[in-house]
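Note that the structure is a prediction, hence the values are computed from the model and not measured.
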Amino acid sequence: MRTPRSRRRPVAALLTTLALLAATALTACGGEAADASGGGSDGPLRIGYQRFGGLSLVKARGDAKNVTWSLFESGPALTEALKAGSIDIGQVGEAPPVFAAAGKIPFSVVGTSQPIPQGEAVLVKAGSPYRGFADLRGKTVALNKGSNVHWLLVKLLEANRMTLADIKVKYLKPAEGRPAFDNGQVDAWIIWDPYFALAEQPGVRVLADATGLAGNREYVLAAPDAVKNRTADVRAFLDTYRQTTDWGIAHPTERAAVLAPELKIPLDVATRALARSAKPLAPVTPEIGAELQAIADSFVELKLVPGPVDIAGRVDGRFNEAFQ
């Protein structure tokens, strides 16, 4: 059963708003001030964030002092800002660090989160005949290239004894994916929260999430200069980040009320997305490095990135105390 146009339009409008906000982020969220600061040792720390994640809560509550904020629509866009030297710290999913490392972008992995497998999913139309991912053989699947859902796609293919040749992949950014999905230009859309929660409308069905397939952890990346020259500032910010995240987990109702206007989404959508996708932060360990390295090795084997890629060597535990 297709979703009526009258019900789809508010969702499309919300997604358009998110895209416009992302496009204007460098002006609206302090990006110009961040560029002007040049990342000097006395200037504000320049934080790159996505519209969800724990950093959105830090920003919305105003908990971090002497920082500027730059908004990005996805992890790959954020890692490009690291490459350009325009941010000091950023938060991404599990695939962007691998693509960034393959692209020789300098950064360290300084923090992570507990797994969030329920926070990303494959969506199909409720009236479609698909009952499992294997049913999408020969069909068109949309996702954001180089983002966390790219790794979920790899694991779904592996679990169903399929290869990339068995489906038609269409790489679309989040704001492009929903209209393509609504209009029947793609058969399935692999997406993460809050876009996932926004799309959970009548007429849409969750075919699968990442449970048992991918951890969908959050990773905190830091520029080498910030790690080396502003160690105390980075540690103080990460400590604030962890404290704010812990507060949000302990106060879910208040957290949703704070984040809904920040995210520009309805309170019920924010509440639903946060209930499954807001998890505690965690220190980086050799096991985390091995987990990331396995992702990198798989992408190299599939020729999705040029190899070899040493991502485990970028894991830096000097800030682990902030996450404990």
Side-chain angles (χ1 to χ4, degrees), residues 26 29-50 53-55 58-59 63-72 75-113 146 217-245 281-293 295-296 305 308-324:
L26 292 180
C29 298
E32 291 183 343
D35 290 341
S37 76
S41 59
D42 296 326
L45 275 178
R46 301 164 302 167
I47 311 300
Y49 76 110
Q50 298 183 61
L55 289 180
V58 178
K59 178 182 180 293
D63 288 342
K65 309 305 178 187
N66 197 33
V67 302
T68 57
W69 297 90
S70 294
L71 174 64
F72 299 91
L78 189 148
T79 58
E80 282 299 311
L82 279 170
K83 180 179 180 179
S86 58
I87 61 172
D88 299 308
I89 297 172
Q91 153 260 334
V92 298
E94 50 201 354
V98 172
F99 278 75
K104 311 302 181 185
I105 296 174
F107 66 88
S108 296
V109 182
V110 299
T112 186
S113 73
R217 296 180 189 269
E218 175 180 314
Y219 288 94
V220 184
L221 310 184
D225 284 349
V227 170
K228 179 181 178 181
N229 301 321
R230 304 195 62 177
T231 307
D233 292 338
V234 171
R235 181 174 290 110
F237 176 79
L238 295 178
D239 189 60
T240 297
Y241 183 15
R242 192 262 307 161
Q243 291 181 41
T244 298
T245 300
L281 294 171
V284 289
T285 61
E287 290 75 21
I288 293 296
E291 190 174 306
L292 274 172
Q293 190 61 52
I295 297 172
V305 299
V309 175
D310 177 18
I311 189 70
R314 292 172 180 257
V315 171
D316 187 337
R318 77 182 70 190
F319 301 105
N320 277 352
E321 187 176 340
F323 295 107
Q324 294 172 336

Could you tabulate the donor-acceptor pairs under 3.5 Å formed by side-chain atoms of residues 76-83, not counting sequence neighbours?
{"from": "Thr79", "atom 1": "OG1", "to": "Pro76", "atom 2": "O", "distance (Å)": "2.9"}

(message) Could you tell me if the side chain of Tyr219 sits less than 4.5 Å from the side chain of Ile288, heavy atoms only?
(response) yes

(message) Tell me every residue that passes side-chain hydrogen bond (donor to acceptor under 3.5 Å, both in side chains) with Asp239, counting only those two or more places apart in sequence or in another chain.
(response) Arg242, Gln243

(message) Using the side-chain hydrogen bond (donor to acceptor under 3.5 Å, both in side chains) criterion, which residues pair with Ser113? Sequence neighbours excluded.
(response) none

(request) State, yes or no, whether a side-chain contact exists between Leu221 and Val109 at a heavy-atom distance under 4.5 Å. (result) yes

(request) Quick one: closest heavy-atom pair of Asp233 and Leu45, and the distance? (result) O-CD1, 3.5 Å

(message) Give me the atom names and distance for the closest heavy-atom approach of Val305 to Val309.
(response) CG2-CG2, 4.3 Å

(message) When you compare the side chain of Leu55 with that of Phe237, does any pair of heavy atoms fall below 4.5 Å?
(response) yes

(request) Apply side-chain contact (heavy atoms from CB on, under 4.5 Å) to Gln293 and list each qualifying residue two or more places apart in sequence or on a separate chain. (result) Ala296, Asp297, Asp310, Ile311, Ala312

(message) Restricting to side-chain hydrogen bond (donor to acceptor under 3.5 Å, both in side chains), what partner residues turn up for Asn66, sequence neighbours left out?
(response) none

(message) Quick test of your reading: applying side chain to side chain donor-acceptor pair (under 3.5 Å), list the pairs with at least one residue in residues 315-324, sequence neighbours left out, ordered by first then second residue.
(response) Asp316-Arg318

(request) Can you tell me which residue pairs pass the salt bridge (charged side-chain N to carboxylate O under 4.0 Å, His left out) test with a partner in residues 281-293, sequence neighbours excluded? (result) Arg217-Glu291

Quick one: side chains of residues 90-105, donor-acceptor pairs under 3.5 Å with protein atoms, not counting sequence neighbours, listed by atom name and distance.
{"from": "Glu94", "atom 1": "OE1", "to": "Asn216", "atom 2": "N", "distance (Å)": "3.1"}
{"from": "Glu94", "atom 1": "OE2", "to": "Asn216", "atom 2": "N", "distance (Å)": "3.0"}

(request) Name all residues meeting the salt bridge (charged side-chain N to carboxylate O under 4.0 Å, His left out) criterion together with Asp63; count only those two or more places apart in sequence or in a different chain, and write none if there are none. (result) Arg61

(message) Using modelled atom types and a 3.5 Å cut-off, is there a donor and acceptor pairing between side-chain atoms of Asp88 and backbone atoms of Ala223?
(response) no

(message) Is any side-chain heavy atom of Val220 closer than 4.5 Å to one of Ile89?
(response) yes

